[in-house]
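Below, read A as the first sequence line, B as the second, and so on, with proteins coming before strands; counting in each chain starts at 1. If you're wondering where the values come from, they're calculated on a predicted model, not measured in any experiment.
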2 protein chains.
Amino acid sequence: MVNMSQHMERDYGLEKDDKISNSVIRRLPVYLRHVQTLRAAGIQTISSQQMGVQLDMNPAQIRKDFAYFGEFGRKGVGYDIEYLEHMLLQILHLDRQIGVALVGAGHLGIALSNYARFQSERITIMALFDNDPVKIGTHIGDLIVQDMKFLREQCHDRNIEMGIIAVPAAVAQDVCDRLVEGQVRVILNFAPTNLRVPKHVILRTTDFTTELQALAYYIAR
Amino acid sequence: MVNMSQHMERDYGLEKDDKISNSVIRRLPVYLRHVQTLRAAGIQTISSQQMGVQLDMNPAQIRKDFAYFGEFGRKGVGYDIEYLEHMLLQILHLDRQIGVALVGAGHLGIALSNYARFQSERITIMALFDNDPVKIGTHIGDLIVQDMKFLREQCHDRNIEMGIIAVPAAVAQDVCDRLVEGQVRVILNFAPTNLRVPKHVILRTTDFTTELQALAYYIAR
DNA sequence: TAGATTGTTAATCGATTAACAATC
DNA sequence: TAGATTGTTAATCGATTAACAATC
């Protein structure tokens, strides 16, 4: 009995984030983007059925994904677009500013810094680093490229929550370690290499080479 | 009996590529990269056990992935690194040149054109397009930026097999349609938008915004 | 031969889809 | 009320992992 009650308390404590799978999480931004498009078009309500057709997805999956986070819809009616957008933003923590450190001021880094600013104001690149003396001190947008030796302290002092690695593979692990030392817990890596992070750090690697090579499989078939 | 023989013939025709799942295919470039690292370090043989530790993967999964494509290993010994690399390159069609058209000569496009050349010589960007009159005619590496109005005919005439979309979301569908008209069957899209392609075209979308937003979920937890 | 490791079948796990009662 | 659509449980599908006979 004691065991059971402890177990239930623990479940209650974790509440809604009771291990939502990554597959679900990665679909949320897709829903968000679509909902924003619909709102811009002046649409006010949508059913999972309609959304399924528009996004080429199974309507049951859409309903189930939403239901993990509460009851957003109205039976017989569908989902209110504005409310749905509000909830998706909240779930993804995009209802408040998220500070990001971007490491690497090459073409990819510059592309990313433009991109992120345009697309989603709440994810804000607060600091940009490189180790090239020629680049350090130059302006990119409204950011100044800083020496990588300040990476750790800047992340820590400014409470930066996310790191983006856009440097060559050879130095990616070093950059990654510095981010972790600076208390960054969520890292997006674009370098084509397998990075090692402590268990408490979330790392996602997505690199061009791997994507292209995987797609090459489908050629000539 | 006639039906059965037809069915078997069809299976035989599909042979080894009898629907290997995308999850498997996407791991192949990871194996390839690792095997190349090992070879560069002068290592000649590896077991699925060792590889599992190094890549933080289940050894049974590694063996099963390889086994879809034949018997590469030696029982009691492991896999010959050089032979494994050879086979992975062959499976991914990286043993011959693959012609790529890159659309978008912004920072992302330039980053991609550097990247792809360095990493894997066989995936070759053969043509680069943009619709900005200022960029058209300029050199990027050893490529000249061409007007997008030549996209379709160039892809068709030069037998380009893969397309990369690195343009803003607003024009991505138009670019995509032109690639398809030019007989390109495999497309990697970096624009944050849901593109429509005919069934016979393989499309993979990977965009920064979606990745960042999905990762934002894991912040503050 | 003894020890190691593959290739493959069976068991498990997890994610997607179908079905339907609840209800707007 | 009748028709529509959600939220959720059950069924299905697919992918991962364990286990082990075959064999180097």
Could you state the atom-to-atom distance from [atom1] of [X] to [atom2] of [N] in whole Å?
| X | N | atom1 | atom2 | result |
| --- | --- | --- | --- | --- |
| D65(B) | dT6(C) | CG | P | 13 Å |
| Q61(A) | dT8(D) | CD | C1' | 15 Å |
| Y68(B) | dT9(C) | OH | P | 11 Å |
| E71(A) | dG7(D) | CD | P | 6 Å |
| K64(A) | dT9(D) | NZ | P | 9 Å |
| K75(A) | dA21(C) | NZ | C1' | 9 Å |
| I20(A) | dA15(C) | CD1 | P | 11 Å |
| N58(A) | dT17(C) | CG | P | 5 Å |

(request) Using heavy atoms to find the nearest nucleotide of DNA chain C for R74(A) and A60(B) separately, return the residue whose nucleotide is more 5′. (result) A60(B)

(request) Tell me which of G76(A) and V24(A) sits closer to the 5' end of DNA chain C, going by the nucleotide each one is nearest to. (result) V24(A)

Side-chain H-bond candidate by donor/acceptor type, [X] with [Y], under 3.5 Å:
| X | Y | answer |
| --- | --- | --- |
| T193(A) | R33(B) | no |
| Q36(A) | E85(A) | yes |
| Q61(A) | D65(A) | no |
| N22(B) | Y218(A) | yes |

(request) Using a strict cut-off of less than 4.0 Å between a Lys/Arg side-chain nitrogen and an Asp/Glu carboxylate oxygen, indicate whether E211(A) and R204(B) qualify as a salt bridge. (result) yes

(message) Checking base pairs now: Watson-Crick or wobble, both atom distances under 3.5 Å. What partners dA15(C)?
(response) dT12(D)

(message) Strictly by Watson-Crick or wobble contacts shorter than 3.5 Å, is anything paired with dG7(C), and which nucleotide is it?
(response) dC20(D)

(message) Does F72(A) reach a base, just sugar-phosphate, or nothing at all? Heavy atoms under 4.0 Å.
(response) sugar-phosphate

(message) Considering every strand and a 4.0 Å limit on heavy-atom distances, what is the contact class for R63(B): base, sugar-phosphate, or nothing?
(response) base

Would you tell me if any nitrogen or oxygen in the side chain of [X] comes within less than 4.0 Å of OP1 or OP2 on [N]?
| X | N | result |
| --- | --- | --- |
| Y79(B) | dG7(C) | yes |
| R27(B) | dT16(D) | yes |
| S48(B) | dT6(C) | yes |

